[in-house]
Amino acid sequence: MKYTGVLFVMLAAVFWGVSGVIGDILLDKEWSPLVISFYRGAIGLLLFLVWFLLRFKKNWIVSKGLYIWSLLAGVGVAGNFTFYFLSIEASSVPVAATLMYTAPVFVLITSFLLGMERSTWFKWGSIGGVLLGIILLTGAYNPGSISVSFAGVATGLAAGLSYALFIFGFKKASLYGKPPIILTIAFLSFCLVLFIFTDNNQAAAVLTSNDIGWFLLLGLMGAGLSFIFYVIGIRQTAASTASMVAMIEPVTASLLGVLLLGDHLGIIQVLGMVVILTTITFLSVKQSS
């Protein structure tokens, strides 16, 4: 079908948006952001492992570059999940989801510093546009009535920076191997990293709690199925189209946050979100064209 790829990317974006709401529900039940992130990635790892083993001979490859970049991607996604839930805890789902999508700006700035990208007025204008949107979203234009805490902003931007690290690592690893083995290695390193920092007692308590269903749903929608759908969809979709469709994630998270969780956004905050998401969309489309 002509639009199959777009549909898969759209489903992935919606699932990621829903995962923010599920994470907020679990935070309200006093589960640690680290524990929530750990289970989201661990359940995803199980699905990636099955995907990898189904075509083991075609997916298996021995490559130092593959392992290094996949491990780096895993560190990136560990930071992304954890900082995202920390940002939700300190602010709200709409704010955290929007700030996380500043990732392309971090990729752009890194590319400038490494000499991989040529500086242009359009790119610097995009960076300025995102900064303006952040100022409007957080209320930083009026220090006396800032609407989002420093912790919420810092962790939201850290989620975006970590997401950029994942994108960078995944793209580099893709030069050596296929998505099933890359995601399996990445999420294995994800689990190892978070296991070190996670409260083992609370992590064990999840298995016998009444909230186990929420954790399973979070892992299936927020990691396993969503990443598989996205990888399959991106192969059949133009990069510019995928960039625009992926913006469904923060929109979904924001709408559900307002409708289901009672999150409140002022007119200026909404304007800030629009500025950020519009700028990021134009930047992503321009970069991929």
Look at the aromatic rings of Trp16 and Tyr230 and report parallel, tilted or perpendicular, splitting at 30° and 60°. tilted
Hey, do the aromatic rings of Tyr39 and Trp31 have their centres closer than 6.0 Å? no
Return the orientation label for the Phe48 and Phe227 ring planes: parallel under 30°, perpendicular over 60°, tilted otherwise. perpendicular
Are Leu86 and Thr82 packed together at the side-chain level, in the sense that at least one heavy-atom pair is separated by less than 4.5 angstrom? yes
Under 3.5 Å: donor-acceptor pair, side chain of Thr278, backbone of Val275: no
Test Ser126 against Phe122 for side-chain contact (heavy atoms from CB on, under 4.5 Å), laying out the working first. CA-CA 6 Å; Ser126 298; Phe122 172 77; 3.8 Å; yes
Can you name the nearest heavy-atom pair linking Gly272 to Leu136, along with the distance? CA-CB, 3.6 Å
Transitive ILVMFWY side-chain link Leu54 to Phe229, under 4.5 Å: no
Nearest 0.5 Å, what's the OH-OG distance between Tyr176 and Ser70? 10.5 Å
Heavy atoms, side chains only, cut-off 4.5 Å: are Tyr163 and Asn80 in contact? yes
dist Ile182:CD1 -> Tyr67:OH (nearest 0.5 Å) comes out at 12.0 Å
Does Ser87 reach the main-chain N or O of Tyr84 with its side chain, forming a donor-acceptor pair under 3.5 Å? no
If two hydrophobic side chains count as joined below 4.5 Å and joins carry through other members, does Leu216 share a cluster with Ile36? yes
Under 3.5 Å, is there a donor-acceptor pair between the side chain of Thr252 and the main chain of Val14? no
Is the shortest side-chain heavy-atom distance between Leu99 and Ile134 below 4.5 Å? yes
Side chains of Phe195 and Asn200: does their closest heavy-atom pair fall under 4.5 Å? yes
Where is the tightest heavy-atom contact between Ser254 and Met273, given as atom of each residue plus distance? OG-CE, 2.9 Å
So, do Trp69 and Phe168 have ring centers that fall under 6.0 Å from each other? yes
Val93 to Ala253 - nearest heavy-atom pair and separation: CG1-O, 3.4 Å
Do Phe215 and Leu26 pass the side-chain contact (heavy atoms from CB on, under 4.5 Å) test, and can you show the C-alpha distance, the side-chain angles, and the key distance before you say yes or no? CA-CA 8 Å; Phe215 280 97; Leu26 291 171; 3.8 Å; yes
Where do Phe85 and Phe81 land on the ring pair (Phe, Tyr, Trp, His ring centres under 6.0 Å) test, with the steps shown first? CA-CA 6 Å; Phe85 291 130; Phe81 284 6; 7.0 Å; no
Do any N or O atoms from the side chain of Ser149 and from the backbone of Gly152 form a donor-acceptor pair under 3.5 angstrom? yes
Measuring only between side-chain heavy atoms, which start at C-beta, is Phe187 closer than 4.5 Å to Leu49? no
Please report the shortest heavy-atom distance between Pro250 and Leu277, naming the atom on each side. CG-CD2, 3.7 Å
What's the spacing between Leu188 CG and Leu183 CG if we round to 0.5 Å? 12.0 Å
Taking it one step at a time, do Glu249 and Met100 satisfy side-chain contact (heavy atoms from CB on, under 4.5 Å)? CA-CA 10 Å; Glu249 176 185 354; Met100 182 176 66; 3.1 Å; yes
Contact between Val62 and Trp60 at the side-chain level, heavy atoms closer than 4.5 Å - yes or no? yes
Pairwise distance CD1(Ile196) to OG1(Thr198) - rounded to 0.5 angstrom: 9.5 Å
Is there a path of hydrophobic side-chain contacts, each under 4.5 Å between heavy atoms of I, L, V, M, F, W or Y residues, that connects Val75 with Phe83? no
Answer yes or no: is there a side-chain heavy-atom contact under 4.5 Å between Phe170 and Val77? no
Are any side-chain N or O atoms of Gln202 and backbone N or O atoms of Ser32, one a donor and one an acceptor, separated by less than 3.5 Å? yes
Could you tell me whether the side chain of Leu131 reaches within less than 4.5 Å of the side chain of Ile127, counting heavy atoms only? yes
On a heavy-atom basis, which atom in Ile25 and which in Trp214 lie closest, and how many Å separate them? CD1-CH2, 3.9 Å
Please say yes or no: joined through hydrophobic side-chain contacts below 4.5 Å, possibly via intermediate residues, are Leu46 and Ile212 part of one cluster? no
Before giving the answer on side-chain contact (heavy atoms from CB on, under 4.5 Å), spell out for Ile167 and Lys171 the whole-Å C-alpha distance, their side-chain angles and the decisive distance to 0.1 Å. CA-CA 6 Å; Ile167 294 171; Lys171 284 185 176 181; 3.8 Å; yes
Least distance between heavy atoms, Leu27 atom then Pro33 atom: CD2-CG, 3.7 Å
Shared hydrophobic cluster, Ile267 / Ile135 (ILVMFWY, side-chain heavy atoms < 4.5 Å): no
Got a donor-acceptor contact below 3.5 angstrom from the Arg40 side chain to the Leu218 backbone? no
Drop me the distance from Lys58's NZ to Ile181's CD1, to the nearest 0.5 angstrom. 15.0 Å
The reported gap from CD1 in Ile22 to CG in Leu220 (rounded to nearest 0.5 angstrom) is 9.5 Å
